[in-house]
Visitor: 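Quick one: the structure is below, and I'll ask about it shortly.
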2 protein chains.
Amino acid sequence: MAPIFSTRPLYLQLRDVLTERIATGEWKAGVAIPNEGDLAREFGVSPGTMRKALGMMEGERLVDRRQGRGTFVKDQGSEDRTIRFSNIRGADGMRISGAVTQAHITEGTANDLECARLRLRVQDPVYRVRRVHSHEDRTFMIEDASMPAVLFPGLADSNGHSHRIAELAQQHGMLLGKAEERISIDQASPDIAEALGIASATPILLLDRVIETLGGRPVEWRLGRCHLASDSYLAEMR
Amino acid sequence: MAPIFSTRPLYLQLRDVLTERIATGEWKAGVAIPNEGDLAREFGVSPGTMRKALGMMEGERLVDRRQGRGTFVKDQGSEDRTIRFSNIRGADGMRISGAVTQAHITEGTANDLECARLRLRVQDPVYRVRRVHSHEDRTFMIEDASMPAVLFPGLADSNGHSHRIAELAQQHGMLLGKAEERISIDQASPDIAEALGIASATPILLLDRVIETLGGRPVEWRLGRCHLASDSYLAEMR
DNA sequence: TAGTGGTCTAGACCACAGA
DNA sequence: CTGTGGTCTAGACCACTAA
C-alpha cells in the first residue's frame, strides 16, 4: 500500500489502531481477535505486515498468540498484571502483591515531588490513596500513591472503584507500559513502624516508583515503605 | 530449505552459528559483518530468514544494525557492557560503575552459597575476587565475587587478567545474557564500615547478584555491600 | 552514485489445537 | 478434518549513509 497519507511504517500504524481497539474495550480481555488473514484483508495490507504488527503487540504483552489456537487479548486488570510492577518475592521466589486494605481516596493539588515524578504543573489536581499490603498475616508495606486527576475523571466521587492501578487503568481506557523504581534505605517513622509491626527507626526499604502508560505518560507515583523480613526484592537486568 | 537434519527453526540455527562467530572472535568487536544478502547466499537461505536471525541478535545486543551503514559487532568488553549490570545511578541519573581497586584473585572450592547461586557441586573449584568501587573520590561499594573455575581456565596463574566480568567473559569466549539481583538491608560490619567510610552498624544495601551467559549458565555470583549516599538504585520493570 | 538495512508484498508449506 | 499461527521463500521498492 502506497504511503499516501503517512510515511510512518504501516505496521506501526496498524499496531496503534489495534491497540486502540483493546484500550477502548472493543476487543475484550480473554477473547480471540480475528485471524491474521482476515485482519490483513480488513486493512488492505499483506499478511506479513499484519503479522509484524501483531508480533509487536505480543512483545508489549497486549496479546497472547498460540499456534493452532489464535490471538487472544490479555487481561490487563488480572492478578498477573497487578503483580507485574512489584519486585518483592517470597522465600519461594514467587512475586508477592499481598492483600490490600484501602484507606479512602482523597483529592488534592500536586506538591513539588508529585510534579517532578508525574510531570505535572504546580497546583494540578491529583488523587491520593494509601495502600497497606499484607501477605500471610504480615503487613510488609505501606504505600502512598498519587495519580494525575485528569487521567481518572470522577475517581473520588463515586464508589466501587478499585485501588489497584492495573484495574483503574483498564477502567479508564489506559494501557500500562513500563515502570521505574528508585530504591533507598529509610528509617521507619513511629506511625509507619507501628503499622509494620517493627521498632521505630528500624531501617526499611524506601521504594519510589513511577508507572507509565505504553505511550510514556506517568500514571502513578508511589512511595512504598517496606519491611522485607524473609522476603526479598529481586531486580532483573538484561 | 527442507528440515532434513533438524526440525529446529532455521533462523535459530543461523543465530547460533553467527553468535558463535562473535564469541570465538572470528568476527571482531566493532567490525561490520557481511550484508544480509551475502550471508543468506553463504548459508543457502532466503534473505528474509537471515534477516530474522540478525534481528534476533540485535535484540540480544550482540550486533548493531543501521540502515545505510551495515551490521556491526558490539564490543562486549566495553565500558557500556561493564556498566550494564549495575543499577546504581548518580544524581544525574546516569549509571555508575566506578573505578575499581583490585585485591588479587584467589582460588578455592565452592561453599554452600556458591553452589546454590552458581549451580555447582560441593568442592567444585572457584575463583574469588574482591572489588572496591569508588566514584568521585568516594568508596561506595565493596564486592566479593565468585566464578566457576572451569569457565576461566588459568585465571589465577597468569597476570594481566582483568577483574571486570565483561572483559573476562570476552577473553574466554563467553557472551553474557541476563542477571538477577536480590536486594536486602544489612548492617555494615566493622571492616566494611571502615572501607566505606561510615560508622559501624550503619544500614547498607546488600546486593546479591548472579550473571548468566546467553545460554543461561551462571558465570558470576557477587555480594555487594553498598552505601548509596546521594546515589540511588534504579530498577526497571516491563 | 553505489551499497546498506528497512519495509512490504504474495504466496507456499508446516506444526499444532480442537471439533 | 479445519483453522490457526509459525516458518520460509523470493522478490520489489524505499530511506539512509558515505564516498
Side-chain angles (χ1 to χ4, degrees), chain A residues 1-19 21-22 27-75, chain B residues 1-19 21-22 27-75:
Chain A
M1 175 175 274
I4 301 174
F5 298 113
S6 169
T7 179
R8 195 148 166 268
L10 253 183
Y11 69 89
L12 289 179
Q13 300 181 49
L14 290 168
R15 177 200 59 172
D16 290 348
V17 173
L18 302 186
T19 296
R21 289 192 180 176
I22 294 177
W27 283 343
K28 297 255 187 319
V31 176
I33 70 176
N35 68 50
E36 288 181 8
D38 288 348
L39 284 173
R41 270 183 291 279
E42 176 188 344
F43 289 96
V45 301
S46 87
T49 302
M50 183 53 71
R51 161 167 281 274
K52 185 157 184 175
L54 291 169
M56 181 162 277
M57 292 173 71
E58 189 176 30
E60 293 171 323
R61 290 180 262 211
L62 295 173
V63 295
D64 267 336
R65 315 194 73 201
R66 266 174 298 174
Q67 192 177 54
R69 301 237 301 137
T71 301
F72 299 83
V73 178
K74 280 207 171 192
D75 184 0
Chain B
M1 177 176 272
I4 301 174
F5 298 112
S6 168
T7 180
R8 195 147 166 269
L10 254 184
Y11 69 89
L12 289 179
Q13 301 180 48
L14 290 168
R15 178 201 57 172
D16 291 348
V17 173
L18 302 186
T19 297
R21 290 192 179 175
I22 293 177
W27 283 344
K28 297 254 188 319
V31 176
I33 70 177
N35 69 49
E36 287 180 11
D38 287 349
L39 284 173
R41 272 183 290 279
E42 176 187 343
F43 289 96
V45 301
S46 87
T49 302
M50 183 53 71
R51 159 166 284 273
K52 186 157 184 175
L54 291 169
M56 182 162 276
M57 292 173 71
E58 188 176 32
E60 292 171 324
R61 290 182 261 211
L62 295 173
V63 295
D64 268 337
R65 313 194 73 200
R66 266 174 297 173
Q67 190 178 55
R69 301 238 301 138
T71 301
F72 300 82
V73 179
K74 279 206 170 193
D75 184 359

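All chains are named by letter (A, B, ...) in the order of the sequence lines, taking the proteins before the strands, and each is independently numbered beginning at 1.
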Visitor: Measure from CD on B:Glu36 to P on C:dT7 and round the result to the nearest Å.
Guide: 11 Å
Visitor: What is the distance from CZ of A:Phe72 to C1' of C:dG18, rounded to the nearest Å?
Guide: 11 Å
Visitor: When the nearest nucleotide of DNA chain C is assigned to A:Pro47 and to A:Gly68 on a heavy-atom basis, which residue is associated with the more 5' position?
Guide: A:Pro47
Visitor: Compare the minimum distances between each of C:dG5, D:dG5, C:dC8 and the side chain of B:Arg51, then state the nucleotide with the smallest one.
Guide: C:dG5
Visitor: Distance check: side-chain N/O of A:Ser46 vs OP1/OP2 of C:dT9, anything under 4.0 Å?
Guide: yes
Visitor: Whole angstrom is fine here: how far is it from CE in B:Met50 over to P in D:dT9?
Guide: 10 Å
Visitor: Among A:Asp38, A:Leu14, A:Asn35, find the residue that satisfies the side chain to side chain contact (heavy atoms under 4.5 Å, CB included) test when tested with A:Met50.
Guide: A:Leu14
Visitor: Tell me: CD of A:Gln67 to C1' of D:dC8, nearest whole Å?
Guide: 14 Å
Visitor: Starting at CG of A:Asn35 and ending at P of D:dG6, how long is that distance when rounded to a whole Å?
Guide: 12 Å
Visitor: How many Å lie between CZ on A:Phe43 and C1' on C:dC8, as a whole number?
Guide: 17 Å
Visitor: I want to confirm an ordering. Mapping A:Arg69 and A:Tyr11 to their closest nucleotides on DNA chain C, which one lands closer to the 5' end?
Guide: A:Tyr11
Visitor: Would you say D:dT9 has OP1 or OP2 under 4.0 Å from some side-chain N or O of B:Thr49?
Guide: yes
Visitor: In whole angstrom, what separates B:Leu39's CG from C:dT4's P?
Guide: 11 Å
Visitor: Please examine the side chains of A:Phe43 and A:Val17, heavy atoms only from C-beta on, and report whether any two atoms are closer than 4.5 Å.
Guide: yes
Visitor: Could you report the tightest heavy-atom contact between A:Gln13 and A:Arg8, atom names first, then the distance?
Guide: NE2-O, 2.6 Å
Visitor: Are B:Lys52 and D:dT7 close enough that a side-chain N or O sits under 4.0 Å from OP1 or OP2?
Guide: yes
Visitor: At less than 3.5 Å, do the side-chain atoms of B:Arg65 and the base atoms of C:dG6 form a donor-acceptor pair?
Guide: no
Visitor: Got a second to check how far B:Arg51's CZ is from B:Arg65's CZ, nearest 0.5 Å?
Guide: 5.0 Å
Visitor: Measure CG/B:Leu10 against C1'/D:dG6 and give the value in whole Å, please.
Guide: 13 Å
Visitor: Can you measure from CD1 (A:Ile33) to CE (A:Met57) and round to the nearest 0.5 angstrom?
Guide: 6.0 Å
